[in-house]
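These notes concern the structure reproduced below.
A note on names: the letters A, B, ... follow the listed sequences, proteins ahead of strands, and every chain is numbered from 1.
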Amino acid sequence: MSKPETVDDKNFDSVVISAKTPVLVDFWATWCSPCRMVAPIVDELAEEYTGKVSFAKVNVDENRKLSEKYEIRSIPTLLVFKDGKPVKQIVGLRSKGDLKKALDEALAAKK
Amino acid sequence: MNKSYQLIIVGGGPAGLTAGLYAARSRLHTLLLEKAGFGGQITNAEDVDNFPGFPQGINGMELGDLIHKQATKYGLETALAEVKGIEVGDGRKLVRTSEGDFEAKAVIIAGGSEFAKLGVPGEAEYTGKGVSYCATCDGAFFRDQAVAVIGGGNAAVTEAIFLTKFASRVVLIHRRDHLRATKVIQEKAQANPKIEFILSSVVEAIEGDTLVRRLRLRNLKTKQQSTLDVSGVFVFVGLKPNTDYLISTVKLDDDGHIAVNQNMETSVPGIFAAGDIRRDSIKQAIAAAGDGAIAAVSAERYLEG
Ligand SMILES: Cc1cc2nc3c(=O)[nH]c(=O)nc-3n(C[C@H](O)[C@H](O)[C@H](O)COP(=O)(O)OP(=O)(O)OC[C@H]3O[C@@H](n4cnc5c(N)ncnc54)[C@H](O)[C@@H]3O)c2cc1C
């Protein structure tokens, strides 16, 4: 069972930046309805991509520095990190199919 | 063999969930399919003040949750899947989805709508970088900054008021010389010192660096061009019904809404439509819920008939 890991300003570097596998980071907040809707889809993806991609969640309300750094202006934003760098940004509520497609594209892209 | 039901409902907003509530209480073997999350668009509203039964008003997310809870209480089956097409044959309907095919005798389409785009340079590029379609989600990123709201209907004006919680300045830009929003909402906006209005004007481009920095505007009356420095642009210029995949299934009107009669029957026997997606909808949650109830009762009659 893989579940998205909650990360914050302090452990973001160790969990996301220095990760060996690609990481999908879900930027969200409690007040955001589409964030709540995307969460169960991200949970399912975490399950399906076990071993290939790891998953993390950042609460933008509690971690303003991170959302500033990555210039998050809309949530939900999903950022796919490879080798410590954001390579793909997915903004807004999408269907599971769309998210899988976007994630697969990010994985297939050359480093 | 496809999984087979008496009734399939497409969409888990106020219309679809209410149809599901009625269908489940009538013990129809029903499946509700939702592509994104239950509750629909009303969950984006900060305060819903016109849904009867909540004299203090209610938060949209909370209302969505309550409607969902009530619908599933009577055994409504739901699944997360995106409907890609509906095929009609021999009185049965084949519902093609991202998670496989399902079959039903009757279908209620309650897929609502999505926000229309402005269609100007910079809009797609800066989506998530200052361009937003959800004030309750993104308002907090614009603390003490100037933002623009585009549109003149209820959604635009309500969201402009909401954004004054965070932004230092909210400029509402509308192409006509007067607003379309309900009078009490307009009055509230006009009384708010943080809100300014630029009327008879359109956005020609959204510009910036990595983030939005300014808008290029044009006054439709004087033809004069100007720029407006903002870090956020919230777009509420109308809704586009989610019917692209239905063009060859049911009759649509020129704007893509599904044509229905007063029983929510479409051009195809056994297919019903409810809520924002249907022709002449007033695009309000209570009306969508009402449509859902009518569609479920009509579907039940059709199934018995
Ligand atoms: C910011 C905002 C504020 C609002 N404020 C108010 C208010 O104060 N009072 C009021 O009465 N109304 C308000 N409204 C309007 C209200 O939200 C809508 O009228 C109502 O939600 C319409 O319900 P619906 O079920 O027809 O459609 P929706 O709520 O749009 O639900 C449709 C559902 O169908 C799903 N769907 C679409 N296509 C597919 C597919 N192919 N397969 C599977 N699922 C699909 C969607 O994901 C969605 O969940 C507001 C709307 C917004 C955006």
### Task
Please determine, among B:Glu46, B:Met61, B:Lys35, the option with the most heavy-atom pairs under 4.5 Å with chain A.
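Most heavy-atom pairs under 4.5 Å with chain A: B:Met61.
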### Query
Pick from B:Thr210, B:Val212, B:Leu80: which one has the most heavy-atom pairs with chain A under 4.5 Å?
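Heavy-atom pair counts peak at B:Thr210.
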#### Entry: Interface residues of residues 29-41 of chain A facing chain B - non-hydrogen atoms under 4.5 Å apart
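Listed by number: A:Thr30, A:Trp31, A:Cys32, A:Ser33, A:Pro34, A:Arg36, A:Met37, A:Ile41.
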Which atoms of [X] approach chain B - backbone, side chain, both or neither, heavy atom under 4.5 Å:
X	value
A:Phe27	neither
A:Glu68	neither
A:Thr77	neither

### Message
Return the OH to OG distance between B:Tyr126 and A:Ser74, rounded to the nearest 0.5 Å.
### Response
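B:Tyr126 OH to A:Ser74 OG: 15.0 Å, rounded to 0.5 Å.
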### Between CD on residue A:Gln89 and NZ on residue B:Lys129, distance to nearest 0.5 Å
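The NZ atom of B:Lys129 is 4.5 Å from CD of A:Gln89, to the nearest 0.5 Å.
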### Task
Mind listing the closest non-hydrogen atom pair of B:Phe141 and A:Ile72 along with its distance?
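Looking at all heavy atoms of both residues, the shortest contact is CD2-O, 3.4 Å.
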### Query
Among A:Val91, A:Asp61, A:Ile75, A:Asp98, which residue forms the greatest number of heavy-atom pairs with chain B at distances under 4.5 Å?
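Among the listed options, the one with the most contacts to chain B is A:Ile75.
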### Task
Could you tell me whether B:Lys73 atom NZ has more than 12 heavy atoms of other residues or ligands within 6.0 Å of it?
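At most 12 heavy atoms, drawn from other residues, nucleotides or ligands, come within 6.0 Å of this atom.
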### Message
With side chain to side chain contact (heavy atoms under 4.5 Å, CB included) as the criterion, how do B:Leu211 and A:Arg73 come out once you've worked through the C-alpha distance, each side chain's angles and the decisive distance to 0.1 Å?
### Response
CA-CA 9 Å; B:Leu211 297 169; A:Arg73 289 292 181 279; 3.3 Å; yes
### Query
Where along residues 111-120 of chain B does a heavy atom come under 4.5 Å of chain A, listed by residue number?
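Listed by number, there are no contacting residues, so the answer is none.
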